[in-house]
Q: 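Questions regarding the structure given below will be posed in turn.
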Number of protein chains: 2
Amino acid sequence: MENRSQNFELDNLDTQILSILMEDATIPYTEIAKKLIVSGGTIHVRMKKMQDMNIIKGSHLIIDPQRIGYDICAFLGIYLEKGSQYKDAVENLKKIKEVVELHYTTGSYSMFAKIICRDTNHLRQVLNEDIQGVKGIQRTETLISLEESIKRQITL
Amino acid sequence: MENRSQNFELDNLDTQILSILMEDATIPYTEIAKKLIVSGGTIHVRMKKMQDMNIIKGSHLIIDPQRIGYDICAFLGIYLEKGSQYKDAVENLKKIKEVVELHYTTGSYSMFAKIICRDTNHLRQVLNEDIQGVKGIQRTETLISLEESIKRQITL
DNA sequence: GTTGAAAAGTGCTGCGA
DNA sequence: TCGCAGCACTTTTCAAC
């Protein structure tokens, strides 16, 4: 009905609801209602509004990759032979499940990727066989993350 | 009681439960139970086990930063004057809410950060005032993400 | 370890203010 | 627009297999 996708006017209440649920999406509406001193129904209405406005994209279970054997996180600066090969490269990189993030960036690299691997062998395999096999990729630079010191969402 | 934090043995069932909930944490246990042809109680037991083992770190509401006015995502290669200043720098960068990810990396940079800003003015302010103000930071290189082509969790 | 059902708590929907 | 109350659903627990 209403095409108000651009029209994002969040008041204090909306913002506070998001802040709480962004940290722990399992907190029940009733508890949020108590904290913010409104009724549970109000929380529900606000959440529905924000879902309709596509502000809320979903809810993810956060797991610790290291605990299930994925020990290495690395960033990849990717140089393409030609910038025009970007779209094809994206499609091919999507097929590599170890690539969890990919950005088209300004600066020295054409693209920038984040990858998660089990161990150094796995990383070498992904870099040498999978990534280098993608058409259009000239060369890559690897930054291995030895420690993830901060990992959070934006604060509202 | 049991100190089995290292002992991660996930069977097929555990893995399938995680896969489903990592994409959408709102799916009820009863529905997962139907899909995997086990009882709801079993799902509950497995989830509790994985929470106790700290494999599951929590659940986040995923919002679209662009819809609430955070339009710019950038990566920052950070050079420290001395590597030993790492710990102090982390503490100070934690105070900058725009920094959503920070890694201690190998390669040319000492550290690597991901930041989310409202617009170019906001980015300039964060770079010039906040980041450059952190003691020990010599200089930074900025990669602005023009498009986030892939954003997902690891597939199990 | 798994099941099935009962008990407790949560989410959803109208009506009223 | 918000709050309250009833119903449907889910989560949680537990005895039994």
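Residue numbers begin at 1 in each chain, while the letters A, B, ... track the order of the sequences.
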Q: Starting at atom NE2 of H44(A), determine the distance to atom C1' of dC4(D), rounded to an integer number of angstrom.
A: 15 Å
Q: Between L13(A) and L36(A), is the side chain to side chain contact (heavy atoms under 4.5 Å, CB included) condition met? List the steps.
A: CA-CA 8 Å; L13(A) 184 57; L36(A) 304 180; 3.7 Å; yes
Q: Check whether any side-chain N or O of T106(B) sits under 3.5 Å from a backbone N or O of I144(A) as a donor-acceptor pair, and report yes or no.
A: yes
Q: Near K97(A) NZ, under 6.0 Å, is it more than 12 heavy atoms from other residues, nucleotides or ligands?
A: yes
Q: Under 4.0 Å, heavy atoms only, any strand: does T42(A) hit a base, just the sugar-phosphate, or nothing?
A: sugar-phosphate
Q: May I have the distance from I43(A) (atom CD1) to dG11(C) (atom P), rounded to whole angstrom?
A: 10 Å
Q: Using nucleotides 15-17 of chain D, report all nitrogen or oxygen pairs with the protein that are shorter than 3.5 Å.
A:
none

Q: Is there a side-chain polar atom (N or O) of R46(A) under 4.0 Å from OP1 or OP2 of dC2(D)?
A: yes
Q: Say whether Y104(A) and E148(B), considering side chains only, have a donor N or O and an acceptor N or O under 3.5 Å apart.
A: no
Q: Look at atom CD of Q16(B) and say whether more than 12 heavy atoms of other residues, nucleotides or ligands are closer to it than 6.0 Å.
A: yes
Q: Roughly, in whole Å, what's the span from CD1 in I27(A) to C1' in dG11(C)?
A: 16 Å
Q: Got a sec? Which of residues 29-41 of chain A come in under 4.0 Å of DNA chain C, heavy atoms?
A: Y29(A), T30(A)
Q: For K94(A), does its backbone N or O pair with a side-chain atom of R152(B) as donor and acceptor, under 3.5 Å?
A: yes
Q: Under 3.5 Å, side chain of D14(B) to main-chain N/O of D11(B), donor-acceptor pair present?
A: yes
Q: Can you sort out the partners of Y29(A) under ring-ring contact (aromatic ring centres under 6.0 Å, His included), two or more places apart, ordered by chain and number?
A: none
Q: Judged by atom type as modelled, is there a donor-acceptor pair below 3.5 Å linking the side chain of S110(A) to the main-chain atoms of L80(A)?
A: yes
Q: Does the ring center of F112(B) lie less than 6.0 Å from the ring center of F112(A)?
A: yes
Q: Rounding to a whole Å, what distance do you find between K48(A):NZ and dT1(D):P?
A: 14 Å
Q: Is there a donor-acceptor pair under 3.5 Å between the side chain of Q85(B) and the backbone N or O of K82(B)?
A: yes
Q: Give me the residues of residues 12-25 of chain B where at least one heavy atom lies under 4.0 Å from an atom of DNA chain C, by number, or none.
A: none
Q: Using side chain to side chain donor-acceptor pair (under 3.5 Å) as the criterion, list what pairs up with H60(B), not counting sequence neighbours.
A: none
Q: Give a yes or no on whether the backbone of D88(A) and the side-chain of N92(A) come within a donor-acceptor separation of less than 3.5 Å.
A: yes
Q: If you fit an axis to the five pairs at each end of the helix from dG1(C)-dC17(D) to dA17(C)-dT1(D), how big is the angle between those two axes, to 10 degrees?
A: 20°
